[in-house]
Visitor: 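Sharing a structure with you now.
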Amino acid sequence: MAAFEENGSTKNRTLRLETLIRLRWLAVGGQSTAVVTIGFWLQFPLPLIACGALIAALAWLNVYLTVRYPPSHRLSPPAAFALLGLDLMQLTALLFVTGGLANPFAPLVCVPVIISSASQPKKLSIALALTAILGITALAFSPFPLPWYPGVVLLVPPVLTAGFWFAIVSTTAFAAFYTYRVSLEASELSDALTATELVLQREKHLSQLDGLAAAAAHELGTPLATISIVAKEMERELGNDPRFGEDVHLLRSQSERCRDILRRLTTLSSENEAHMRHLPLSSLIEEVMAPHREFGIRIQLVEIGERSAEPVGNRNAGILYGLGNLLENAVDYAKSEVTVTVRHTSEKVTVTIEDDGAGYAPDVLSRIGEPYVTKRQKDDSAGGLGLGLFIAKTLLERSGARLSFENGGPDKPGARINVEWPRHLMDTKLTK
C-alpha cells in the first residue's frame, strides 16, 4: 500500500517494440503512397531519390528490429526515446525536402511526441517535444519548394508560414499534454483498482481464517487421537520406570493439551459459524467502530430504528473495510468527537459518519473519490484522503451503496459522509 501511495503509480510505463514496429510500417506505407501519388500520378516535381532513401532507411530499420528482437520485447525509456527521435528526424527530413511547413503533412510531426507522452517518462517526453519544436522551426526555413504543377511556383507568405509554425507547435504541445494527462490518470486508476483488489483479497483471507482453523483441527484430530492412545499404553507399561516414566508422562500430558486446543478451535468455529457468516447491522457497525475507540476521540453511535427490525446480511469484507476506512479518516480529522448514525427502514439502510473537524476544502470536495486526493484543507499536512478513500468508495459502491460527501452547516461544522444501500442488499431475509 505504501508503494502505491508514495508515487501515485508503481508501474513503469514501457512501450512494446512490436507496437512501435507496426506504427512504423503504417508510416512507411503512408509515406510511400504519398510519394507515389504525388510523383507519378499527379506528376509534380519531387526529389524522388531523397524521398525514397529516407523511406527505405525507415523500412530497413524496421526489418532489422523485427529480426533482432522478439515481438514481446519491451523498450527501456532511453531506447524508446532514441527510436522515437529517429522517427521524428526521418519525418522532419522528408518534410524538409518536400516544401517544409507548406507541406500539408507537416502536422504529422506531432505523432512521435504524442506516442512518447502516452508511454514514456515526462522528462524524456519533454525532451522529444523540444526536439520536435526545433525540427518544426527548421522546416520553416526549408529552401525546397512545395511540389506543385510544373512551371508554377507556389509561394507561401512569411506571415502564413509563421501561422503554420504556431499552429503545429501549439497542436504538438496541446496533444502531448492531453495524452500525458489521460494516460497518467488511466495508469493511476489501474494501480488504484489493483490495490483495491489486493485489500479485498486480504480482508477475505482474514475472514476465512476461522474456517481454515476448523479444517486444520478436523484433519489433525485423528492422528493426534492415535498419538494419545499410544501414549496411554506407554504410560501403563512404563509409567513406573525411572528411566522413561517422566518422559512418558510428559508425552501424555502434552498430547492431551493439543487435543484440548483443537477441541476449542472446533467448538469456537461451530458456535460462531453463523455469527461469522451472517452479521446483524448493529454487530457490523460495532465491528467497524471497535478498532478506533482508543485514539482519544469519542465515537458516539446513534441508532434510529429498533434492533428487532434491523437487517441481517452476509458478512462482506468490502463493507467492513470501506466503512472502517471512512471512520478512520473521520477520527484522524476530528477535534474531539465522531458521530455514527445508523438508520434502517423497509426500503433502505443508511450509515452517516460525521466529525467535528474543519471539513473538506472546496477543491477537495469536488474531487473526492479520485485516486491520490491527499488532503482535506490546503493548510493540513496530515494527508489521509488519498488512495485509501478511493479504495473505500470503490468497495462500498461494489456492494451496491451510494456515497455522498458534504460539509456540515455553520451550527455543526465538520465533514459528513452518507452511505446508503437498498434494504434488500443488506438483508439476507429479503434475498432468499
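Computed from a prediction, not measured in an experiment: that's the story for all the values here. For this chain, numbers begin at 1 and follow the sequence in order.
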Visitor: Can L281 and E303 be said to form a side chain to side chain contact (heavy atoms under 4.5 Å, CB included), step by step?
Guide: CA-CA 10 Å; L281 180 61; E303 295 182 88; over 6 Å; no
Visitor: For E18, enumerate each residue passing the side-chain hydrogen bond (donor to acceptor under 3.5 Å, both in side chains) test, keeping only those at least two apart in sequence or located in another chain.
Guide: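 side-chain hydrogen bond (donor to acceptor under 3.5 Å, both in side chains) list for E18, sorted by chain: R16, R22.
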Visitor: Side chain of N418, backbone of S404: donor and acceptor closer than 3.5 Å?
Guide: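 Side chain of N418 to backbone of S404: no pair is present.
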Visitor: Find out whether Y360 and I417 are in side-chain contact, i.e. whether some heavy atom of one side chain is under 4.5 Å from a heavy atom of the other.
Guide: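 The answer is yes, as the side chains (C-beta and beyond) meet within the 4.5 Å cut-off.
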Visitor: Within the structure provided, determine whether C51 and T98 are in side-chain contact (heavy-atom separation under 4.5 Å).
Guide: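 Yes, close enough: below the 4.5 Å cut-off.
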Visitor: Compare every heavy atom of V419 with every heavy atom of A401, then report the nearest pair and how far apart it is.
Guide: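 Heavy-atom minimum between the residues: CB-CG1, 3.7 Å.
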Visitor: Would you say R343 and T352 make side-chain contact, with heavy atoms under 4.5 Å?
Guide: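 Of all side-chain heavy-atom pairs linking T352 with R343, at least one is under 4.5 Å.
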Visitor: Is it the case that the side chain of D87 and the backbone of R24 share a donor-acceptor pair, with hydrogens and angles ignored and the cut-off at 3.5 Å?
Guide: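 Such a contact is absent between D87 side chain and R24 backbone.
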Visitor: Pairs of donor and acceptor atoms involving the side chains of residues 124-146, under 3.5 Å and at least two apart or interchain, shall be tabulated with distances.
Guide:
unit_1, atom_1, unit_2, atom_2, d
S125, OG, S116, O, 3.0
S125, OG, S116, OG, 3.0
S125, OG, P121, O, 3.1
T131, OG1, A127, O, 2.9
T137, OG1, I133, O, 2.8
T137, OG1, W165, NE1, 3.0
S142, OG, F96, O, 2.5
S142, OG, F144, N, 3.3

Visitor: Answer yes or no: is there a side-chain heavy-atom contact under 4.5 Å between Y178 and I114?
Guide: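 Counting from C-beta outward, Y178 and I114 never come under 4.5 Å.
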Visitor: Look at the side chain of N62 and the backbone N and O of I21, then say whether any donor-acceptor pair between them is shorter than 3.5 Å.
Guide: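 Answer holds: yes.
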Visitor: For the side chain of E310 and the backbone of G305, is there at least one donor-acceptor N/O pair under 3.5 Å apart?
Guide: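 Not a single qualifying donor-acceptor pair exists.
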Visitor: CG/L54 to CD1/I49 distance, rounded to the nearest 0.5 angstrom?
Guide: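 Reported to 0.5 Å precision, the distance equals 12.0 Å.
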Visitor: Do N103 side-chain atoms and L95 backbone N/O form a donor-acceptor pair below 3.5 Å?
Guide: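 No: the side chain of N103 does not pair with the backbone of L95.
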Visitor: Compare every heavy atom of S336 with every heavy atom of D356, then report the nearest pair and how far apart it is.
Guide: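 Closest approach of D356 to S336: OD2-OG, 2.8 Å.
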Visitor: Would you say L284 and E287 make side-chain contact, with heavy atoms under 4.5 Å?
Guide: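 Contact flag for L284/E287 side chains = no.
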Visitor: Rounded to the nearest 0.5 Å, how far apart are CG of D355 and CD1 of I297?
Guide: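 If we round to the nearest 0.5 Å, D355:CG and I297:CD1 are 9.0 Å apart.
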Visitor: Looking only at heavy atoms, what is the nearest atom pair of I168 and P107, with distance?
Guide: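 Distance-wise, the nearest heavy atoms are CD1-N, 4.1 Å.
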Visitor: Sort out for me which residue in T341, N329, L327 forms a side-chain contact (heavy atoms from CB on, under 4.5 Å) with I353.
Guide: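 The side-chain contact (heavy atoms from CB on, under 4.5 Å) with I353 is passed solely by L327 among T341, N329, L327.
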Visitor: Measure the spacing between CG of L323 and CD of E328 and express it to the nearest 0.5 Å.
Guide: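 Rounded to the nearest 0.5 Å, the CG-CD separation comes to 13.0 Å.
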Visitor: Nearest 0.5 Å, please: how far is CE in M426 from OG1 in T350?
Guide: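 Rounded to the nearest 0.5 Å, the OG1-CE separation comes to 10.0 Å.
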Visitor: Counting N and O atoms only, with roles assigned by atom type, does the side chain of T37 sit under 3.5 Å from a partner on the main chain of T33, one being a donor and the other an acceptor?
Guide: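 Here the side-chain-to-backbone pair exists.
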Visitor: Please check if the side chain of H344 supplies one atom and the backbone of E306 the other of a donor-acceptor pair under 3.5 Å.
Guide: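 Yes, the answer is positive, given that a donor and an acceptor are paired below the 3.5 Å cut-off.
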Visitor: Measuring only between side-chain heavy atoms, which start at C-beta, is L42 closer than 4.5 Å to F44?
Guide: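 They are in side-chain contact.
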Visitor: Is it the case that atom CZ in R402 sees more than 12 heavy atoms from other parts of the structure closer than 6.0 Å?
Guide: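 Open: at most 12 neighbouring heavy atoms sit under 6.0 Å from CZ of R402.
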Visitor: Kindly indicate whether the side chain of L94, heavy atoms from C-beta on, has any atom under 4.5 Å from the side chain of F105.
Guide: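 Contact flag for L94/F105 side chains = no.
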Visitor: State, yes or no, whether a side-chain contact exists between S399 and L425 at a heavy-atom distance under 4.5 Å.
Guide: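 Answer no - side chains too far apart.
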Visitor: Roughly how far apart are H73 NE2 and L15 CG, rounded to 0.5 Å?
Guide: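 It is 10.0 Å, given to the nearest 0.5 Å.
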Visitor: Are the side chain of S183 and the backbone N or O of A118 linked by a donor-acceptor pair below 3.5 Å?
Guide: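 Judged by distance alone, yes, a pair lies under 3.5 Å.
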Visitor: If you take all heavy atoms of L395 and G318, which pair is closest and at what distance?
Guide: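 It is CB-O, 3.7 Å.
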Visitor: How long is the straight-line distance from CD1 of I115 back to CD of Q120, given to the nearest 0.5 Å?
Guide: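 With rounding to 0.5 Å, CD (Q120) is 10.0 Å from CD1 (I115).
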Visitor: Between R423 and E347, is there a salt bridge with N-O shorter than 4.0 Å?
Guide: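 No salt bridge links E347 with R423.
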